Novice: 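Sharing a structure with you now.
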Amino acid sequence: MKKNTTPATTDTITKSKKRTRNTCHMKPKPEPEAGFAISDIEDIQFREDSVAEIRASLLKWYDVNKRDLPWRRISEGEASDRKAYAVWVSEIMLQQTRVQTVIDYFNRWMEKWPTVHHLAQASIEEVNEMWAGLGYYRRARFLLEGAKMVVEEGGKFPRSVSDLRRVKGIGEYTAGAIASIAFKEAVPVVDGNVIRVIARLKTISANPKDKTTIKNIWRLAGQLVDSHRPGDFNQAVMELGATLCTPLSPDCSSCPVSSQCSALLKTKHDPSALVTDYPTKVAKVKQRHDYSAVTVVEILESEKGTVDTSDSGSKFLIVKRPEEGLLAGLWEFPSVSLNEKDDLVTRRRTVDDFLKNSFGLNVNRSSNIVSRDEVGEYVHIFTHIRLKMYIELLVLRSQDLHRKKDKGSMLFKYVDTKTLATMGLSTGVRKAYNMVLKFRQSRSSPISR
DNA sequence: AAATCGGGGCC
DNA sequence: GGCCCAGATTT
């Protein structure tokens with residue numbers, strides 16, 4: 001048998017006809033050596049018997065091993081729209097986010113807004129409060145927009161992939177998930193788990209971020225999906241990827257489809273091969289380094305003007321971020337971006353200009369200043385940014401302070417600690433605030449430490 | 001096709 | 001410190 005030197009690709013079919021597309025973009029490929037062919041991803045497919053085996057084994061495994069997750073508890077019994085809403089909320093929360101992280105957020109969300117009609121009545125401030133800490137806040141905004149859209153169009157939930165795709169924030173994956181899980185449409189889904197599982201099943205070495213690769217993974221997932229139980233099958237593949245076929249340490253000995261896995265087979269012929277070689281690694285883009293001065297401005301409202309260490313009588317200045325870009329529309333403490341080498345004097349001068357120009361706070365007159373202290377530094381890591389924050393607490397007396405009413409381009413307000421405790425702050429801002437609270441605490445009662 | 005958009009848990 | 005997670009949108 002000629003192909004026995006390429007066990008990893010025994011399922012692939014060497015295509016004889018030329019492809020009509022892409023050919024002109026490709027460098028002429030040398031004719032493969034006899035007995036060894038790197039298969040083109042377009043040529044990869046599952047055999048019929050393999051499809052049947054994978055469906056049966058995976059569904060059987062899933063029925064026994066599926067995790068008890070809150071969004072799986074809502075049956076489509078009386079109202080399939082309620083099921084669809086639950087799936088929708090869960091799928092949006094699950095984008096780029098682990099199941100364990102989502103569970104509590106999901107339960108709180110469903111308690112506050114049990115149906116799409118409840119959600120449609122919510123404000124963006126409430127939504128941000130419920131979402132705070134989950135990240136990718138655009139998802140929450142789209143969810144609210146989508147709920148309003150659904151209700152305005154009669155409250156009937158979109159049922160097909162094509163209808164679902166028109167809702168803001170619902171892409172190919174989420175449309176497929178809702179349609180298959182809530183409405184039994186026989187469509188596949190492709191997320192990070194599915195890419196990993198299929199890349200291993202078929203030893204796909206193409207760049208998993210490449211559009212052509214993704215397109216072909218969709219094609220292969222479409223071959224696999226079980227038309228009788230599409231929702232369960234899709235969840236089964238993802239469950240497998242999340243629990244057994246994991247990125248770094250797959251548990252192949254427990255895998256229900258190990259007999260169908262080319263990557264595992266390859267390791268038995270090639271001692272240097274690993275299942276974790278698939279999908280292939282992709283170089284990451286480098287992080288940007290940002291620097292900012294975060295100033296927590298506390299206004300003492302008490303008549304005495306003394307350093308009041310209790311919370312009563314204090315207001316804190318918060319500012320609304322622009323509606324586009326990073327952390328869009330979220331509230332934060334006044335912040336200015338810095339250059340890497342800016343020293344304390346420069347930082348404070350920049351802050352003072354900002355406070356004066358944007359909020360009418362003149363902090364140059366020392367008569368207004370009760371205290372001004374460096375609280376500390378904190379490095380907050382985003383996926384693409386490393387943000388170093390210089391945090392300070394600036395306490396000002398209320399008298400003689402001509403504060404602006406917010407009328408300019410910058411939206412701002414003064415709130416108390418009680419409001420700050422519950423409102424939707426991003427994690428980095430929340431961290432800075434907690435540092436300030438701790439600093440105030442230690443200053444007011446040094447003995448208690 | 002590449003960049004943007006959060007945060008956290010695990011190694 | 002790196003990895004990557006039940007991705008979508010914009011440019």
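None of the values given here were measured: they were computed from a predicted structure.
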Novice: What orientation do A:W113 and A:W109 show, parallel under 30°, tilted 30 to 60°, or perpendicular over 60°?
Specialist: perpendicular
Novice: Within the structure shown, what part of the strands sits under 4.0 Å from A:E172 by heavy-atom distance: base, sugar-phosphate, or nothing?
Specialist: sugar-phosphate
Novice: Would A:K413 pass as a cation-pi partner of A:W331, given that its NZ or CZ must be under 6.0 Å from the six-membered ring centre and within 45 degrees of the axis?
Specialist: yes
Novice: Taking A:E185 first and then A:R159, would you say they form a salt bridge - that is, a charged N and a carboxylate O separated by under 4.0 Å?
Specialist: no
Novice: So which of residues 322-330 of chain A are in contact with DNA chain B, with a heavy-atom cut-off of under 4.0 Å?
Specialist: A:G325, A:L326, A:L327
Novice: Between A:Q287 and A:T383, name the one whose nearest nucleotide on DNA chain C is closer to the 5' end.
Specialist: A:Q287
Novice: Is a donor-acceptor contact shorter than 3.5 angstrom present between the side chain of A:R98 and the base of C:dC4?
Specialist: yes
Novice: Can you list, in residue-number order, the parts of residues 55-70 of chain A that come under 4.0 Å of DNA chain C, counting heavy atoms only?
Specialist: A:R67, A:L69
Novice: Suppose we call a contact any N or O donor and acceptor under 3.5 Å apart; does that hold for the side chain of A:T97 and the base of B:dG6?
Specialist: yes
Novice: Send over the distance from A:I92 CD1 to C:dA8 C1', rounded to a whole Å.
Specialist: 9 Å
Novice: Applying a 4.0 Å non-hydrogen cut-off, can you work out what A:S426 is touching in the nucleic acid: base, sugar-phosphate, or nothing?
Specialist: sugar-phosphate
Novice: Do NZ/NE/NH1/NH2 and the carboxylate oxygens of A:K168 and A:E145 come within less than 4.0 Å?
Specialist: no
Novice: Answer with yes or no whether the side chains of A:D353 and A:T350 bring together a donor and an acceptor at under 3.5 Å.
Specialist: no
Novice: Expected output is a numbered-order residue list: members of residues 224-243 of chain A with a heavy atom under 4.0 Å from any atom of DNA chain B. What is it?
Specialist: none
Novice: Counting C-beta onward and ignoring hydrogens, is there a side-chain heavy-atom pair between A:M238 and A:D191 closer than 4.5 Å?
Specialist: yes
Novice: What contact category does A:I385 fall into here, base, sugar-phosphate, or nothing, at under 4.0 angstrom with non-hydrogen atoms?
Specialist: nothing
Novice: B:dG7 C1' sits how many Å from A:Q96 CD, rounded?
Specialist: 11 Å
Novice: OP1 or OP2 of B:dG6 sitting under 4.0 Å from any side-chain N/O of A:H384?
Specialist: no
Novice: Suppose you measure atom P in C:dT11 against the same atom in B:dG6; what distance do you get, rounded to whole Å?
Specialist: 15 Å
Novice: Could you tell me how far apart A:L387 (CG) and B:dG7 (P) are, to the nearest whole angstrom?
Specialist: 11 Å
Novice: Write down the distance between NZ (A:K215) and P (C:dG7), rounded to a whole number of angstrom.
Specialist: 21 Å
Novice: Between C:dC5 atom P and A:E91 atom CD, what is the distance in whole Å?
Specialist: 15 Å
Novice: Looking at the side chain of A:K211, which of B:dA1, C:dA8, C:dC4 is the nearest nucleotide?
Specialist: B:dA1
Novice: Within the structure provided, determine whether A:P256 and A:K60 are in side-chain contact (heavy-atom separation under 4.5 Å).
Specialist: no
Novice: Determine the contact category for A:R72: base if any of its heavy atoms lies under 4.0 Å from a base atom, sugar-phosphate if only primed atoms, P, OP1 or OP2 are that close, otherwise nothing.
Specialist: base
Novice: Select base, sugar-phosphate, or nothing to describe what A:V194 touches, counting heavy atoms under 4.0 Å on all strands.
Specialist: nothing
Novice: What is the ring orientation for A:F157 with A:F183, classed by angle as parallel under 30°, tilted 30 to 60°, or perpendicular over 60°?
Specialist: tilted
Novice: Is any side-chain heavy atom of A:R139 less than 4.5 Å from a side-chain heavy atom of A:L134?
Specialist: yes
Novice: Closest to the A:K281 side chain: C:dG7, C:dA6, C:dC4?
Specialist: C:dC4
Novice: Quick one: is the NZ or CZ of A:R108 closer than 6.0 Å to the six-membered ring centre of A:F106, and within 45° of its axis?
Specialist: no
Novice: Using a heavy-atom cut-off of under 4.0 Å over every strand shown, decide if A:T174 touches base, sugar-phosphate, or nothing.
Specialist: sugar-phosphate
Novice: Using a 4.5 Å cut-off on heavy atoms from C-beta on, say whether the side chain of A:W71 contacts that of A:L94.
Specialist: yes
Novice: Roughly how many Å is it from CZ in A:R196 to C1' in C:dC5, rounded to a whole number?
Specialist: 8 Å
Novice: Which comes earlier along DNA chain B counting from the 5' end, the contact point of A:V285 or that of A:L134, where each point is its nearest nucleotide?
Specialist: A:V285
Novice: Looking only at the side chain of A:Y173 (C-beta and beyond, no hydrogens), which of the listed nucleotides C:dC3, B:dG6, C:dA8 gets closest?
Specialist: C:dA8
Novice: A:K168 has a side chain; which of C:dT9, C:dA6, C:dG7 sits nearest to it?
Specialist: C:dT9
Novice: Using a strict cut-off of less than 4.0 Å between a Lys/Arg side-chain nitrogen and an Asp/Glu carboxylate oxygen, indicate whether A:D277 and A:R200 qualify as a salt bridge.
Specialist: no
Novice: Considering only C:dC4, B:dA3, B:dG8, which nucleotide approaches the side chain of A:T427 most closely?
Specialist: B:dG8
Novice: Does this structure show an ion pair linking A:K320 with A:E125, if we count only N-O contacts that are shorter than 4.0 Å?
Specialist: yes
Novice: Could you tell me whether A:E323 and A:R141 make a salt bridge, using a distance below 4.0 angstrom between a side-chain N and a carboxylate O?
Specialist: yes
Novice: Check the phosphate of B:dA3 against A:R288, side-chain N and O only, distance under 4.0 Å to OP1 or OP2. Yes or no?
Specialist: no
Novice: Considering only the P atoms, how many Å lie between C:dA6 and B:dT4, rounded to the nearest integer?
Specialist: 25 Å
Novice: Check whether any side-chain N or O of A:Y136 sits under 4.0 Å from OP1 or OP2 of C:dT9, and answer yes or no.
Specialist: no
Novice: Round to a whole Å and report the spacing from CG of A:L143 to C1' of C:dG7.
Specialist: 14 Å
Novice: Take atom CZ of A:R138 and atom C1' of C:dA8, then tell me their distance rounded to the nearest Å.
Specialist: 6 Å
